[in-house]
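Lettering of chains follows the sequences in order, A, B, ..., and the numbering in each one begins at 1.
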There are 2 protein chains.
Amino acid sequence: MDAVTVEQRAERSRDRVSRRRVDKFADRRAQLANSALLTLSELGYARTSLREIAQNSEFSHGVLHYYFTDKVDLIMHCVKQYKAECVRRYDEIVGTSLTPDDLKHGFATGLATTMCEDASMHRLWYDLRSQSLFEESFRADVGEIDRSLERMIWRIVSRYAELADASPTVTSPVAYAMFDGMFQHGLAKFIGGDATAGLELTANVEHVLGSLVFHNG
Amino acid sequence: MDAVTVEQRAERSRDRVSRRRVDKFADRRAQLANSALLTLSELGYARTSLREIAQNSEFSHGVLHYYFTDKVDLIMHCVKQYKAECVRRYDEIVGTSLTPDDLKHGFATGLATTMCEDASMHRLWYDLRSQSLFEESFRADVGEIDRSLERMIWRIVSRYAELADASPTVTSPVAYAMFDGMFQHGLAKFIGGDATAGLELTANVEHVLGSLVFHNG
DNA sequence: CAAGTTGCTTGACACCCGTCCAGAACGGAC
DNA sequence: GTCCGTTCTGGACGGGTGTCAAGCAACTTG
């Protein structure tokens, strides 16, 4: 009588003894989330409907409720996936440089590159973050992503200070807020059609990071 | 046969020879825009419908199309009104201080005050700015507001440098991006329920503004 | 092969949206 | 009073939305 819920399907799928095959349920979820991510980043949260998402995938709209409990569940799964991808990108930026100038330049160009190449994804992030100011149910996940980004920025700043034999002059939240602000305004410029936005961001980030530490001794 | 359009009504109203009475047409527009602003700041752009706006006013939903051509016309009128109010607030902050520390402290507390008192308005602003990354028709107005805010910040920074016999170490766009970033993150914290967000913003802004200039001589 | 589970499609449901419109209510001029 | 332009109401229309359930297809298991 009771319908099988998405949670129960996921549970079964996790409990399956035969793990020869990868978990098809989670795979489909990820695949659908990926389609949704494309549509979301193109239309924005408000204008994206489940039917639109399904139309840009190879499935029909009904299947979304087979893999996700409701729209919020879908969106949040997309956001988590986005977060993982985002952190991965930032991780690539860190740790490859051994001198302070290398780190500074690598960070600045890395930010500018992802800003231009993944502009649609980033505007979706800012869209969802704005929505979380109204919709309380978004805040937990959005807040978690925000904190992970802040930690990422702080790793850059403190590592840069370490390499330069210096100490940061700002706290972690302030550093994140500053770079996030610059990134956001660069993104707006870029989406507005200004092709120099990337180079501008690179220069600005380099300058600010350089002036964010105080040399010891 | 042709219906009288909103533009024609506005035109007649402007052309009216007897100006003893204030322009009732523009008055009602402003009144309705004000109701709309309240609803918008409470629900956000996506979830606000014309019927909801009308319900929070003392009129019916049909009248909105008597005073505004369509939904975008209404929203944009609200945004313009918001912009005027916003600039007014910032103007109150500037020019009352004669020492650099007074200006620094006045600016920091002013920012924190409006962040807490008008939190809903500010989140609407960030909402609309995010929407403008997707909806091109929003960009002109949003960009104009953004530029006016940048000019306002730059007046603060350059005036502070002048009072302190120093020179700014960053450009106008970077200064705006930094303070905007801090404001935005403070707002998120405040709306998330953190009562110390105001004081934190004050301290952060004071610190950053102080380190944003280089003393001459 | 047959039975049963899972995956997916299709169409329906109730609701909300922006827009438009016929007409009621109002208000001043004659 | 009548008349007429302005202001406002409330409902209708077409379309889009999230959600759900009935049924079909495909695959797994006995």
Side-chain angles (χ1 to χ4, degrees), chain A residues 1-21 23-32 35-36 39-40 43-55 57-76 135 137, chain B residues 1-18 20-32 35-36 39-40 43-55 57-76 135 137:
Chain A
M1 54 165 62
D2 289 333
V4 180
T5 67
V6 172
E7 287 78 8
Q8 285 168 333
R9 279 192 288 271
E11 190 63 25
R12 282 185 209 167
S13 165
R14 254 176 268 122
D15 288 352
R16 204 191 308 277
V17 182
S18 69
R19 294 190 190 272
R20 304 180 295 110
R21 277 170 270 128
D23 193 338
K24 293 198 100 182
F25 185 78
D27 279 2
R28 237 327 99 84
R29 263 174 79 99
Q31 179 186 0
L32 287 169
S35 290
T39 310
L40 276 166
L43 297 178
Y45 168 73
R47 272 169 291 280
T48 301
S49 69
L50 294 184
R51 284 172 172 81
E52 189 80 29
I53 290 174
Q55 210 151 12
S57 80
E58 46 180 338
F59 300 97
S60 68
H61 71 271
V63 82
L64 291 173
H65 274 277
Y66 183 78
Y67 287 100
F68 302 93
T69 59
D70 58 2
K71 193 183 182 183
V72 177
D73 184 28
L74 203 180
I75 305 278
M76 278 312 152
E135 191 108 4
S137 57
Chain B
M1 54 164 62
D2 289 334
V4 180
T5 68
V6 172
E7 287 79 8
Q8 286 168 333
R9 280 193 287 272
E11 191 62 25
R12 282 186 208 165
S13 165
R14 253 176 268 123
D15 288 349
R16 202 191 308 279
V17 183
S18 68
R20 303 182 294 109
R21 277 172 272 129
V22 281
D23 193 337
K24 295 197 100 182
F25 185 78
D27 278 4
R28 201 41 38 107
R29 263 173 79 98
Q31 179 186 358
L32 287 170
S35 292
T39 309
L40 277 166
L43 297 179
Y45 168 72
R47 272 169 291 279
T48 302
S49 69
L50 295 183
R51 284 172 172 81
E52 188 80 30
I53 291 174
Q55 210 153 10
S57 79
E58 47 179 339
F59 299 98
S60 70
H61 70 272
V63 83
L64 290 173
H65 275 277
Y66 183 78
Y67 287 101
F68 302 92
T69 59
D70 59 2
K71 195 185 181 184
V72 177
D73 184 28
L74 202 180
I75 304 280
M76 279 310 155
E135 191 108 5
S137 56

DNA chain C-proximal residues of residues 59-72 of chain B, any heavy atom under 4.0 Å: B:His61, B:His65, B:Asp70, B:Lys71
Ignoring hydrogens and angles, answer whether the base of D:dT17 and the side-chain atoms of A:Arg47 contain a donor-acceptor pair closer than 3.5 Å. no
If every non-hydrogen atom of A:Ser60 is compared with every non-hydrogen atom of A:Ala54, which pair is closest and at what distance? C-CB, 3.6 Å
B:Leu74 and B:Phe68: which non-hydrogen atoms are nearest, and at how many Å? CA-CD2, 3.7 Å
So, do A:Asp73 and A:Arg29 sit near enough that their side-chain heavy atoms are less than 4.5 Å apart? yes
Taking atom types as they are modelled, is there a donor-acceptor pair under 3.5 Å from the base of D:dG18 to the side chain of A:Arg51? yes
Measure CG/B:Leu50 against C1'/C:dC20 and give the value in whole Å, please. 13 Å
Find the distance A:Phe25:CZ to C:dG7:P and express it as a whole number of Å. 8 Å
Between P on C:dG7 and CG on A:Asp27, what's the gap in Å once rounded to a whole number? 12 Å
Cation-pi between A:Lys24 and A:Tyr67: NZ/CZ under 6.0 Å from ring centre and within 45° of the ring axis? no
Would you mind reading off the distance between A:Ile53 atom CD1 and D:dT17 atom C1', rounded to a whole angstrom? 12 Å
Length of the NZ-C1' vector between B:Lys24 and C:dG28, whole Å: 11 Å
If you take all heavy atoms of A:Ile53 and A:Thr39, which pair is closest and at what distance? CA-OG1, 4.0 Å
Side-chain contact, heavy-atom cut-off 4.5 Å: B:Leu50 with B:His65? yes
Between A:Glu52 (CD) and D:dG15 (C1'), how many Å, whole number? 14 Å
